[in-house]
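Sequence lines set the chain letters: A, B, ... in the order given, protein chains first and strands last, and positions in each chain run from 1.
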4 protein chains.
Amino acid sequence: METIDASTANQLRSFIERLERLEEDKAIISQDIKEVFAEAKATGFDTKIMKTVLKIRKMDEQKRLEAEAILETYCHALGIDSVSDISKSLQKAA
Amino acid sequence: METIDASTANQLRSFIERLERLEEDKAIISQDIKEVFAEAKATGFDTKIMKTVLKIRKMDEQKRLEAEAILETYCHALGIDSVSDISKSLQKAA
Amino acid sequence: METIDASTANQLRSFIERLERLEEDKAIISQDIKEVFAEAKATGFDTKIMKTVLKIRKMDEQKRLEAEAILETYCHALGIDSVSDISKSLQKAA
Amino acid sequence: METIDASTANQLRSFIERLERLEEDKAIISQDIKEVFAEAKATGFDTKIMKTVLKIRKMDEQKRLEAEAILETYCHALGIDSVSDISKSLQKAA
DNA sequence: CACTGGAAAATGCCGC
DNA sequence: GCGGCATTTTCCAGTG
């Protein structure tokens with residue numbers, strides 16, 4: 001069986017620890033989210049409806065991103081480097 | 001249909017925005033985790049094994065927590081307020 | 001719209017019925033589990049603790065399986081077909 | 001701390017083992033269900049649609065049961081012991 | 001590159 | 001009626 005040198009072991013340990021720290025941060029945020037929902041509920045809001053609202057807003061955001069992606073494709077096809085170039089043009093025009 | 005006054009609407013908006021910010025933070029961390037795995041993989045580590053290692057370490061932690069939960073339940077059943085009370089008793093005894 | 005021939009429809013019906021029977025069996029077992037908990041509770045046991053005990057026992061089993069999975073992965077990486085091959089080698093050596 | 005006599009310990013062990021056996025049976029059925037879905041998929045059916053079909057049929061069944069519950073309530077209110085009494089009457093009539 | 005298996009997230013349910 | 005938990009659904013990396 002292959003031996004693992006100390007350096008490699010330390011690298012691995014480092015990766016594992018970084019991951020565990022990130023997972024922990026993520027867990028904390030998940031907890032924060034739950035607390036915000038709890039607070040909203042205590043204030044009298046219906047969390048189920050709130051979740052639906054969030055979902056719809058996310059879908060809208062997604063739609064916007066997809067629209068931008070299409071725009072980006074068109075820009076590329078038309079030889080315009082990026083959307084920001086259009087912004088600049090528009091600002092100049094204004 | 002009931003009308004919603006401006007104040008309530010603002011409260012709701014505030015909750016929604018806080019939640020969206022938290023969701024975004026969480027998404028960033030998820031992305032970070034993926035990148036660490038990618039880096040580890042590029043360094044030559046087997047991510048599958050790494051995930052299993054993380055899982056086992058998490059299970060150890062989880063098991064410890066479950067055991068503590070049982071202890072807590074017993075303490076409650078026996079009229080001892082908390083585990084720390086036991087610690088105190090033991091310290092006195094020592 | 002595509003038409004569905006009778007044979008296909010019967011096949012589908014057969015699958016659906018098999019699934020519904022299995023779901024029903026599963027529901028019966030879930031009910032049995034509830035009843036055992038109820039009986040234990042009536043006998044004076046704390047179901048919460050029982051659930052925790054079951055969880056820990058399950059985790060032990062799971063941990064064992066995870067560890068075996070890692071071993072299996074190493075074996076594979078080292079060109080050893082299976083754990084039983086190791087057993088054989090060890091038996092010869094003994 | 002209270003001591004637990006052997007008899008109680010055996011009772012507990014018995015409950016735990018019964019539960020573990022039931023959990024195992026349940027897991028087997030869950031596995032069977034997955035296999036039926038896999039088979040249906042291999043036959044060319046869309047499992048997602050099948051799941052929707054099952055859900056709708058379940059809702060229908062639920063509706064039927066609720067209707068029966070209402071009927072049962074009426075029967076009770078009218079001094080008829082059970083639905084089966086109605087069945088008998090109908091069978092006689094036929 | 002479609003598929004499968006497993007992890008993460010969302011939903012629904014049950015007990016308190 | 002609520003929190004907590006189990007189940008379900010969804011997503012994604014890995015694989016043939």
Side-chain angles (χ1 to χ4, degrees), chain A residues 19 22-23 26-27 29-31 33-35 37-56 58-59 62, chain B residues 19 22-23 26-27 29-31 33-42 45-56 58-59 62 65-66 69 73 76, chain C residues 19 22-23 26-27 29-31 33-38 40-42 45-52 54-55 58-59 62 65-66 69 72-73 76, chain D residues 19 22-23 26-27 29-31 33-35 37-52 54-55 58-59 62:
Chain A
L19 288 166
L22 287 168
E23 299 274 8
K26 207 174 137 188
I29 294 180
S30 292
Q31 189 55 34
I33 289 173
K34 274 185 200 161
E35 281 165 20
F37 273 115
E39 192 187 332
K41 178 173 233 171
T43 315
F45 290 108
D46 181 332
T47 57
K48 189 175 175 176
I49 292 180
M50 287 176 69
K51 282 181 190 189
T52 308
V53 169
L54 285 164
K55 202 182 283 183
I56 291 174
K58 204 171 183 180
M59 281 165 60
Q62 193 58 30
Chain B
L19 287 167
L22 287 169
E23 299 273 8
K26 207 173 138 187
I29 293 180
S30 293
Q31 190 55 34
I33 290 172
K34 275 184 204 162
E35 282 165 19
V36 174
F37 272 116
E39 192 187 331
K41 181 174 217 169
F45 290 108
D46 181 332
T47 57
K48 186 178 172 175
I49 291 183
M50 287 176 68
K51 281 182 190 188
T52 309
V53 169
L54 286 165
K55 201 184 284 182
I56 291 176
K58 203 172 183 178
M59 281 168 57
Q62 193 58 30
L65 292 173
E66 301 283 1
T73 306
H76 184 71
Chain C
L19 287 166
L22 287 168
E23 299 274 7
K26 205 174 141 188
I29 293 180
S30 293
Q31 190 55 34
I33 290 173
K34 273 184 207 160
E35 282 165 20
V36 173
F37 272 115
K41 181 173 220 168
F45 290 108
D46 181 331
T47 57
K48 186 179 171 175
I49 291 183
M50 286 177 68
K51 281 181 191 191
T52 310
L54 285 165
K55 203 184 282 181
K58 205 172 181 177
M59 281 168 56
Q62 193 59 29
L65 291 175
E66 301 284 359
E72 203 67 36
T73 307
H76 184 71
Chain D
L19 287 166
L22 287 168
E23 298 275 8
K26 206 173 139 187
I29 293 180
S30 293
Q31 189 56 34
I33 290 173
K34 274 186 200 161
E35 281 165 20
F37 273 116
E39 191 186 333
K41 177 173 230 170
T43 316
F45 290 108
D46 182 330
T47 57
K48 190 174 174 177
I49 292 179
M50 287 176 69
K51 282 180 190 191
T52 308
L54 285 164
K55 204 181 281 182
K58 206 170 181 179
M59 283 165 58
Q62 194 58 29

**Asked** Just the endpoints, please: which first and last nucleotides of DNA chain E, 5' to 3', lie under 4.0 Å from a heavy atom of chain C?
**Response** E:dC14 to E:dC16
**Asked** Taking atom P of F:dA6 as reference, at what distance in whole Å does atom CG of D:Leu22 sit?
**Response** 16 Å
**Asked** DNA chain F: D:Lys26 or B:Lys34, which has the more 5' nearest nucleotide?
**Response** D:Lys26
**Fill in**
Applying side chain to side chain contact (heavy atoms under 4.5 Å, CB included) to B:Thr52 and not counting sequence neighbours gives B:Ile56, C:Glu66, C:Ile70
**Request:** Could I get the full list of ring-ring contact (aromatic ring centres under 6.0 Å, His included) partners for B:Phe45, not counting sequence neighbours?
**Result:** A:Phe15
**Prompt:** What distance separates A:Phe37 CZ from B:Leu22 CG, expressed to the nearest 0.5 Å?
**Reply:** 10.0 Å
**Prompt:** Between CG of A:Leu54 and CD1 of A:Ile33, what distance do you get to the nearest 0.5 Å?
**Reply:** 9.5 Å
**Request:** Could you name each residue pair satisfying side chain to side chain donor-acceptor pair (under 3.5 Å) that touches residues 38-49 of chain D, not counting sequence neighbours?
**Result:** C:Arg18-D:Glu39
**Prompt:** What's the CD-C1' distance between C:Glu23 and F:dA6, to the nearest Å?
**Reply:** 15 Å
**Asked** Measuring from C:Lys26:NZ to C:Leu19:CG, what's the distance to the nearest 0.5 Å?
**Response** 11.0 Å
**Complete:** Here the distance between atom C1' of F:dA13 and atom CG of B:Asp46, to the nearest Å, is 13 Å
Shorter than 3.5 Å, N or O on both sides, protein versus nucleotides 14-16 of chain F: list them out with atom names.
residue: F:dG14; atom: OP1; partner: B:Lys41; partner atom: NZ; Å: 3.3
residue: F:dG14; atom: OP1; partner: B:Thr47; partner atom: OG1; Å: 3.3
residue: F:dG14; atom: OP2; partner: B:Lys41; partner atom: NZ; Å: 3.3

**Fill in**
Sequence neighbours excluded, the answer for side chain to side chain contact (heavy atoms under 4.5 Å, CB included) partners of D:Gln31 is D:Lys34, D:Glu35
**Integer-rounded Å distance: F:dA6 P and D:Leu19 CG** = 13 Å
**Item:** Side-chain touch B:Ile29/A:Glu23, heavy atoms, less than 4.5 angstrom
**Value:** no
**Fill in**
Note: for B:Lys58 and A:Lys55 on DNA chain E, the residue whose nearest nucleotide lies more 5' is B:Lys58
